[in-house]
Each structure stands twice: as C-alpha cells, then as structure tokens.
Amino acid sequence: MLDLGGANAADGEILDAPLYGPRSYRVFGDDALAKHFLEISMGPHHPSTHGVFRMDVVLDGETVVRLKPVFGYLHRNHEKLAETMSWLAAIPYTDRLDYFCSMTNNWAYVLAVEKLAGIAVPERAEYIRVIVGELTRLVNHICLAGFLLADLGALGTPLLYAFREREKILDIFEEISGARMMCNYMRFGGVRVDLSPEALQKIHRIAERFPFFLDEFEALVSRNEILLSRCQGVGVLPRHLAVNAGVTGPMLRASGVDYDLRKVDRYGIYDRFEFRVPLGEHGDVYDRYMVRILEMRESVAILRQALAQIPEKGEIMNPQAKLRNLRPKPGEIYSRIESPKGELGFYLISDGGPCPYRYRVRPPSFINLTVLEDMCLGQKIADVIVIFGSVDIVLGEVDR
Amino acid sequence: MFGLELLRGLAVTARNLIGSYFSGDRMVTVQYPEAARPTPENFRNFPFLVYDERPEELRCVACKICEKECPPQCIYIEQRRDEKGRPIKQPEVFDIDLAVCMSCAICVEVCPFDAIKMDHQFDHPTDNRFSGLLADKWKLARSNQYYHSIRPAEAAEVDARLAAEAAKKAKPAK
Amino acid sequence: MNTERFAAQFPQMQWDAATSSWIVPHQSLLEIALFLKTDPEFRMDLLSNVAGVDWLSSKEKVRGEDGKPVERERPGYLEVVYHFYSVSAKQGPIVLRCRTDGRATPILPSITPLYRSAEFQEREIYDLYGIVFSGHPDLRRILMWDEFEDFPMRKDYVSPDDYEWEPTPHDDVLERARQHRREEERRRA
Amino acid sequence: MDDWLKSELQRAGVFVTTLEWVYNQSRRSSVWPLQFGLACCAIEMIATAAARYDLARFGAEVFRPTPRQADLMIVAGTVTKKMAPQVVRIYNQMPEPKYVIAMGACAISGGPFKQGYNVLKGIDRFIPVDVHIPGCPPRPEALLNALMFLQRKIDRQTLGAAQPLRWYDPMDRAEFPVPACGAHDLVPTHTRAIWKPEASPRPLT
C-alpha cells in the first residue's frame with residue numbers, strides 16, 4: 001500500500017486546497033449547544049495528551065462536531081529569552097524546544113547562524129552531524145510509535161521496548177555530549193566533542209541491530225487486527241489540505257506528497273547519501289505510523305553510509321569560528337532543516353549586536369496541529385486521541 | 001486468523017524474556033542504588049571549581065567571563081580585595097545556584113583558566129530549596145586529583161597545557 | 001523563477017536587497033499572494049513561516065535640504081515576514097514583508113483565507129505583537145491567557161515584577177531585583 | 001521499648017513492632033505518583049518508570065491518571081503562569097497524605113527560563129514541596145534518589161501527639177488558593193502561607 005520513493009505524485013500540478021472552508025467553522029447558537037451538544041475540555045492535564053495540551057471538543061453523541069486546540073500551557077518565552085542573550089547562549093535553549101530531538105534542534109540553529117555569519121564546517125563535523133541527526137530521528141520515531149500505541153491501549157509493552165532502544169541511543173549521546181537529553185552538542189563551525197572510536201563502534205552496533213529490533217516491534221504490533229481497525233481510515237488528511245495548511249514532515253509524506261528537505265534542500269552533506277523517501281497513500285493514522293517505521297529503516301541506511309564514509313581523522317571545529325562575542329553582520333536568514341517532526345526553521349535577524357534582534361522558531365508540530373480539527377471532525381471521541389497521537393507533537397516546541 | 005496476532009505478540013515477549021539472559025542488547029534493569037550505571041567520562045552535571053594544592057587557592061581568578069556567559073545567569077562572583085582595596089586574582093564569593101543551573105557546560109567552554117569543570121555527581125535531593133541548593137565556593141572546590149579521578153583523559157590534557165603555558169611564561173623571565 | 005515578470009506585474013512592490021525580500025504594501029498583499037499561489041511558474045503553495053518583527057523608532061541620518069546630514073526620527077513600525085516555498089515545483093523561497101502604519105494601531109490583512117498554515121501563526125503574532133489581522137476567522141490570544149493585556153514580544157514590553165528572591169543576581173537582573181525591593185518598601189511605607 | 005529488649009524478644013521468637021512503623025512502612029512502599037508531566041523532565045520520568053530503571057522496585061510504578069488516587073505529585077517540568085492554576089487545582093484534589101517532588105530546575109525555581117514573562121519562578125510559591133531534585137533534567141537515578149529521600153522522610157513521621165501530622169488536623173484541609181490569571185501576571189503572585197523565602201545572601205540596596 002505504501003510506495004517507496006516513487007515518482008513525485010504532485011509533479012506538474014498545483015497543490016491547492018479550496019479556499020478556507022466553512023466546514024470547520026460551523027457556528028452553533030447557544031440553545032443548540034445546550035440541547036444537543038456536549039462540550040468537554042480535554043486537558044491540560046489529561047493522561048493521553050502528550051504534555052500540557054488542551055482541546056475544547058464539542059460532541060454530538062460520540063461524534064466530534066467541533067474541536068479547538070488551546071495552546072500556551074508550556075509557553076516558556078524561548079524567543080524572548082533568546083533575544084536577550086548572546087548567540088552562543090541560545091544553543092542550550094534550543095535543546096529544550098523539542099526535547100526528544102535536541103541534536104536536530106541544535107543543528108537547525110547553528111546552521112542558520114553559520115549561514116548568517118558565513119562560517120564553514122569541516123568535513124568530519126558534517127558527518128558527525130548527519131550521524132547524530134539520524135540517531136535523533138530514530139529516537140523520536142520509535143518513541144512516537146511507543147506513545148501512539150500506548151494511546152491505542154497497548155499500555156506497557158511497546159512503550160517499554162521503545163524506551164529500551166531509546167536508552168541505547170541515549171547512552172551514546174551521553175558518552176559524546178555529556179547529557180542524555182539536553183545534548184548541547186553543536187557549535188557554530190562544528191561540533192563540541194569528537195566521536196571516539198568506541199562511540200563509533202557503538203553506533204555501528206546500533207546500525208546493525210536496530211533493524212532486527214524493528215522487525216520484532218513490527219511483528220508485535222504492525223499487523224495486529226486491533227491496530228488496523230483503529231488506525232486505517234481514521235483521521236484522513238487529504239493531500240491538498242496538507243500542503244495548504246503548511247503540514248510538513250512524516251505527516252505530509254503520509255498524505256502522499258514527496259517533500260523531504262533532506263532531498264529538496266540538501267543541507268549539510270545529505271546529497272552524498274542514497275535513501276528513499278517513504279510515501280503514504282491514504283493519509284490516515286496507519287500511514288503516518290508506517291511512514292515513520294519506514295523512515296527509521298532509511299535512517300539506518302543513512303547511518304551505515306555515513307559510518308562507511310566518515311573520514312578517519314580531521315578537524316571537528318572550524319578554527320576561525322568564534323564562540324564568544326560572535327557578532328554577525330546585519331542581515332537576516334531563514335534556514336530550515338528536516339527535523340523528525342517536520343520542517344524546523346529558524347528565522348534570525350541580526351543588527352550587528354551581541355544578541356539576535358529577532359529570533360523566531362518555525363515549529364513544525366505547532367503548524368501541523370492546524371489540521372487537527374479537520375482530521376477529527378466527524379470522528380468518534382476515542383479516535384481523537386489516536387489522531388492527535390499520530391500528529392507527533394512535543395509541547396516544548398508547540399508553545400516554545 | 002483470529003487470535004494469531006495474540007500468539008505472535010506473546011512469542012515476541014517470550015523471546016525478549018529468554019533473550020535477556022543471553023544478550024546484552026536486551027537490557028536488564030540497573031539495580032540502583034546497589035549497582036549504578038557507570039558515568040561516561042564526558043558526563044556533565046553541575047560545575048565545580050578546581051584547586052591545585054589548597055582549597056583556598058582556586059584556579060579561578062574572578063575574571064567573571066563565566067558569569068557573563070552563563071545562559072540562565074546562575075553564577076555570582078565577587079573579586080577579593082586586599083586591605084587597601086586593590087583587587088586580588090581570587091574570588092571572594094563564588095556562588096552557583098544549583099536550582100537554576102541547566103548543566104550546559106558553557107562556563108567550562110569559555111573559561112580561559114581551566115578553573116571550572118563539570119562534575120559527575122548528580123544526586124542532590126534536598127528539602128530546602130534556598131540554602132540547600134546554593135553552592136558557595138567551599139562547596140564547589142574540588143582538588144585536581146578529584147578532577148583526574150573523574151575525567152582522566154581530559155585532566156591530563158589540561159595539565160599538560162597548563163605546564164606548557166607555565167614554561168613559556170618562565171622563559172622570557174630568564 | 002522569473003522574478004522580473006513578478007516585479008513587473010506588481011510595480012507597487014519594493015525590492016529590499018539587504019534582506020532579499022519584497023516590501024509589499026498591505027493593500028495588495030492578498031493579490032500578490034494569490035498570484036504567487038496560482039501562477040503556473042511560481043506555484044508557491046506552501047507558506048512556511050510567518051514571523052512578526054518589532055522595529056522601534058530610531059534615529060537615522062538623511063541628507064537635508066541644504067545638503068548637510070540631518071538627524072531625523074524614523075517612526076517605528078511592526079512588520080510581518082512571509083516565507084513562501086513551492087512543494088510541487090520544489091523551489092523557493094520568496095520572501096514578502098508587510099509593514100504596519102506605526103505601532104499604535106497596527107492592522108494588516110490576514111492571509112489565512114489563502115493559506116491555512118497562517119492561521120495559528122497569525123494568532124500568535126496577534127498575541128505576542130498585537131497586530132490585528134483583518135479577515136482572520138478566529139483571532140484570539142493563543143499562547144497567553146485571554147485576560148492578558150500586554151504584547152510581550154514587543155521590544156518595549158516591561159515584564160511583570162515578580163522578583164521575590166534571587167540568589168545570584170547580577171547585571172540587569174540585579175537591577176530589577178533592587179527595583180522590586182524599592183517598590184516593596186514604598187508600598188509598605 | 002528500646003532496641004535491646006526488641007532484639008531479646010526477637011531471639012525468643014516474639015516480633016514486636018510499633019503501629020507507627022507499620023503505618024510508615026505501608027505508606028512508603030506504595031507511593032503512587034500522579035501521571036502528570038509538564039515538559040522535558042516528564043520524559044525522564046517516563047524513562048525512570050520504564051524497564052531500565054524500573055520505578056516498580058520502590059513500589060511507585062502505579063501512575064494514576066486521576067489525582068483522587070494519587071499520593072505523590074512529581075512536578076516534572078516548567079510550570080508556566082498559564083498552567084499554575086491548574087497545577088494547584090490538581091494538588092487540591094489529591095487526598096491526604098500527599099507529597100510533592102519538584103523535579104528539575106524549572107519546577108524548583110523557574111530554572112533557565114526564570115527570566116521569562118510567562119514562567120512561574122518555582123512551584124513552591126503555591127504548593128508545599130517535600131523534595132527538590134536539581135538538574136536539567138535530572139538523571140533517572142536522581143529521581144530514584146529523590147524518591148528514596150522522600151521515603152526516608154516518611155519513615156520519620158510520627159503518629160504521636162508530640163508532632164501531629166498535618167493531615168490529622170481537622171482544621172487543615174491542605175487546600176491552597178488557586179491563583180487567577182490577571183491582566184499582567186498571576187493574582188496573587190504567591191501564597192503567603194507557604195512561600196517563605198530566606199533572606200537573600202546579598203544586600204540588594
């Protein structure tokens with residue numbers, strides 16, 4: 001059902017959704033609400049919302065007729081804080097944006113500053129970035145699969161297996177960067193610590209063993225009848241709407257649009273690797289789940305190539321790059337990478353001062369939530385949890 | 001077939017149960033606190049201050065670079081002054097608020113004197129959030145031997161570099 | 001992409017070389033966006049990023065009537081920057097910037113009817129910068145609570161005074177803590 | 001009864017214990033946390049509950065989704081001002097005896113985000129905290145350590161009249177006022193009865 005790296009389904013056609021539909025903004029009179037509908041507030045403390053997220057849902061029986069997401073319960077003023085501190089000091093804060101993928105957040109930010117200030121990155125550092133970036137993708141996708149299955153009612157087992165694999169990768173992160181989650185690993189012009197031969201050995205081992213684990217994970221759940229009946233045909237996201245609503249990442253690809261920034265922008269050294277972009281066909285929850293599973297396999301393929309190609313020795317930091325007192329020339333940059341959740345962009349304006357004048361994060365999961373209501377309308381309340389889980393959000397990034 | 005998936009799932013679980021006795025890849029529980037997971041050399045948690053011989057003589061010269069660069073501003077430094085009010089290259093006060101520290105190690109990176117390093121200790125549970133988590137310079141001071149014991153490779157490198165710098169400084173004086 | 005054709009089509013736009021973007025008068029923003037979206041050459045179907053920027057009023061030097069440099073007050077304004085990409089043609093970005101008239105009553109047209117992706121981002125800009133987007137279907141605060149009155153991302157925002165205990169204050173934090181202490185004493189007296 | 005007599009009796013096959021010990025032992029071995037995560041630290045909390053660290057070894061693996069069944073609230077992550085009323089409300093709903101662990105820098109003091117306009121500078125402004133565990137985020141071992149610290153604290157509780165426990169006082173409902181979201185800040189910014197900051201180590205004037 002899923003085609004792997006096929007021709008771009010969107011070639012030669014303008015991806016355009018109909019103008020803003022009235023469907024999602026049906027307005028109810030107060031008396032109608034009182035008579036027929038039940039308005040419930042899910043969250044901010046709800047066992048299946050991933051963090052502190054709230055949905056105001058209006059139900060007709062068990063069917064969702066309106067759903068309004070409410071944000072801001074984890075609004076930590078990331079942008080405002082970063083505008084008051086030096087360019088360097090913002091790096092550890094990017095760790096805490098999307099706290100599953102601190103490495104890719106680091107990467108997105110330092111890439112933007114490198115483009116703004118014109119700093120080159122040595123070869124070996126580029127490879128290290130690709131390696132840790134793909135490891136991050138593995139961590140994120142496997143945890144998402146675990147959480148999604150926990151939302152579906154598979155409370156213990158898949159999540160425990162997912163976290164076991166996460167621990168293995170986190171051990172590597174801890175060894176190279178010093179911290180399990182908040183790696184703070186990349187710097188302008190390179191990375192902070194070199195990969196030791198032992199760490200490389202461990203990453204080799206991950207690249208070898210991870211597919212076996214994935215097979216096992218899939219044997220456990222992927223063809224399970226309950227999973228199929230609860231995921232297939234649920235929460236369908238049509239392709240045109242996905243593009244129009246700015247949905248990116250695995251969610252967009254699950255709707256059948258071939259748009260992977262690793263292929264499109266070829267930032268870093270992604271043009272040196274061969275990998276396929278998994279595409280979904282129906283755009284439902286099951287496709288989103290499967291796209292992520294297949295993406296993990298592609299990530300392992302990239303890891304193998306990177307491990308084979310990485311130069312034995314070499315610099316990991318550009319010696320010209322300054323850490324302290326970095327003052328890029330006045331100007332602005334919008335730079336984006338394919339984070340595990342989608343297009344993570346940083347829009348930076350420098351006025352030549354010691355801190356950014358404007359620091360804006362384009363958070364993928366925040367914008368992916370635009371279509372949450374459209375996917376949930378007409379579905380049952382129990383499916384809302386599943387659809388929401390398949391969007392793959394992290395509140396640190398949604399609210400910043 | 002009805003029930004087949006159940007059996008398949010149980011087979012995976014059984015494979016994990018038995019496999020955990022043979023393969024290190026199927027991790028087993030770390031019996032903390034009886035057995036602790038080893039901390040890798042690079043592990044960083046909270047900063048400490050290095051001294052060479054006596055705890056009163058820290059390597060820190062109170063240049064306040066770390067105070068300025070610390071992203072959450074959890075370091076507070078006051079320089080020591082002699083009787084006439086002239087500054088001495090020693091901190092009078094060096095406080096780190098562990099309740100705020102985000103363990104980012106930027107202070108270590110920017111320190112030009114190798115005076116502040118990251119510790120491996122991570123357990124400071126306390127019921128007093130004010131003085132219990134405010135570490136002054138006596139709480140922070142650790143000997144160079146301790147530094148060697150937790151990060152042998154890095155400490156040896158630092159020592160070699162400091163010795164080379166000292167030698168370079170000694171030469172022109174001759 | 002043939003940007004000359006684009007520029008010729010809309011002479012009211014202004015090319016800003018320093019930021020490689022088009023400065024668009026807000027009357028014609030929707031028209032230009034519709035052109036970018038539907039033109040078979042551009043096909044900008046993905047509005048990736050919508051960012052608000054606050055420019056305070058500043059002094060600038062201009063040549064006066066007698067040829068001598070004169071210092072002039074440049075009025076501040078709020079700005080919204082749009083980054084367009086094309087998914088189907090895999091090209092981009094095209095950057096548009098739209099400025100408000102002054103900072104007192106900032107009103108801009110909403111681009112949400114054309115691009116759903118702007119829906120939450122415009123709400124966020126309304127929340128944090130106070131720009132009102134006319135035509136937005138559901139313009140409410142998104143990150144802060146509804147009773148909140150300030151616009152915290154503006155450069156002249158003063159954060160609330162909740163400094164009770166600061167163990168390691170220095171620089172501006174110390175100054176704020178001191179101010180808090182003075183305020184307390186004044187209130188007590 | 002002193003320890004000597006106790007051991008003598010044990011030798012004779014008579015085991016004596018105090019009601020207090022039984023109380024504390026049963027309480028400390030079944031500290032059920034609330035399934036409640038706020039931010040980054042919540043992921044480490046889940047990792048602690050997962051197989052490698054296994055919170056179940058301390059009898060605390062039963063994460064309850066409802067506050068009515070929970071004994072322990074692990075405030076794991078940044079408490080924003082928008083979230084603070086909800087946190088206090090959840091705490092008020094928990095039955096006595098209840099404990100709070102402030103996990104991570106953000107929950108203790110606002111941590112790295114404390115200069116922000118929407119971040120609460122420490123959850124102990126509104127609810128009493130039993131254990132603070134610093135770190136950003138603390139390692140799972142550190143959370144286990146905090147739990148053991150809490151268990152030791154429970155061990156020291158006495159039933160006697162000398163130091164009556166809070167929850168045997170019929171007048172003490174242990175419900176704390178829920179702050180309201182005001183025009184610029186929370187109203188009030190802290191609860192006077194709980195928030196007792198020490199004197200700042202440095203003169204501010």
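Owing to the predicted nature of the structure, the values given are computational and were not obtained by experimental measurement. Just so it is clear: chains get the letters A, B, ... in the order the sequence lines come, proteins before strands, and each one is counted from 1.
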### Query
Pick from D/P112, D/A105, D/A107: which one has the most heavy-atom pairs with chain B under 4.5 Å?
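Highest number of pairs under 4.5 Å: D/P112.
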
### Query
Looking at D/G135, D/S109, D/P197, which has the largest count of heavy-atom pairs under 4.5 Å with chain B?
D/S109

Out of [options], return the one with the most heavy atom pairs under 4.5 angstrom to chain D.
options	result
B/C101, B/P125, B/P72	B/P125
B/N128, B/D136, B/L98	B/N128
B/C74, B/A99, B/P71	B/A99
B/S103, B/C70, B/A36, B/P33	B/P33

### Message
Return the NZ to OH distance between D/K153 and D/Y99, rounded to the nearest 0.5 Å.
### Response
10.0 Å

### Query
Is the number of heavy atoms from other residues, nucleotides or ligands within 6.0 Å of NZ (B/K139) greater than 12?
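Yes, NZ of B/K139 has more than 12 neighbouring heavy atoms, counting only those of other groups under 6.0 Å.
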
Do the side-chain N and O atoms of [X] and [Y] include a donor-acceptor pair separated by under 3.5 angstrom?
X	Y	answer
B/Y32	D/N145	yes
D/Y23	D/Q157	no
B/T13	B/N16	no

Which portion of [X] sits near chain B, non-hydrogen atoms under 4.5 angstrom:
X	value
D/F113	neither
D/P137	neither
D/F149	side chain
D/D130	backbone
D/R52	both

### Task
Under 4.5 Å, heavy atom to heavy atom: which of residues 27-34 of chain D reach chain B? Give them by number, or say none.
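Interface residues of residues 27-34 of chain D: none, nothing closer than 4.5 Å to chain B.
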
### Query
Angle class for the D/H190/D/W195 ring planes (parallel below 30°, perpendicular above 60°, tilted otherwise)?
tilted

### Query
Relative to each other, are the rings of B/F48 and B/Y146 parallel, tilted or perpendicular (30° and 60° limits)?
perpendicular

### Task
Taking the six-membered ring of B/F113 (Phe, Tyr or Trp), confirm whether the NZ or CZ of B/R59 is under 6.0 Å from its centre and within 45° of its axis.
no

### Query
Does NZ or CZ of D/R139 lie under 6.0 Å from the centre of the six-membered ring of B/F43, at an angle within 45° of the ring axis?
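Judged by the rule (NZ or CZ under 6.0 Å from the ring centre, within 45° of its axis), D/R139 counts as positioned above B/F43.
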
### Query
Would you say D/E141 and D/Y53 make side-chain contact, with heavy atoms under 4.5 Å?
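The answer is yes; the side chains approach within 4.5 Å.
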
### Query
Hey, are the side chains of B/V93 and B/K137 touching, using non-hydrogen atoms and a 4.5 Å cut-off?
no

### Query
Is chain D contacted by the side chain of B/D95, its backbone, both, or neither, given a heavy-atom distance below 4.5 Å?
side chain

### Query
With a 4.5 angstrom heavy-atom cut-off, which part of B/Q31 approaches chain D: side chain, backbone, both or neither?
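Both backbone and side chain.
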
### Message
Set out, in order, the CA-CA distance, both residues' side-chain angles and the distance that settles side chain to side chain contact (heavy atoms under 4.5 Å, CB included) for B/R44 and B/H120, then state yes or no.
### Response
CA-CA 6 Å; B/R44 56 188 153 93; B/H120 277 191; over 6 Å; no

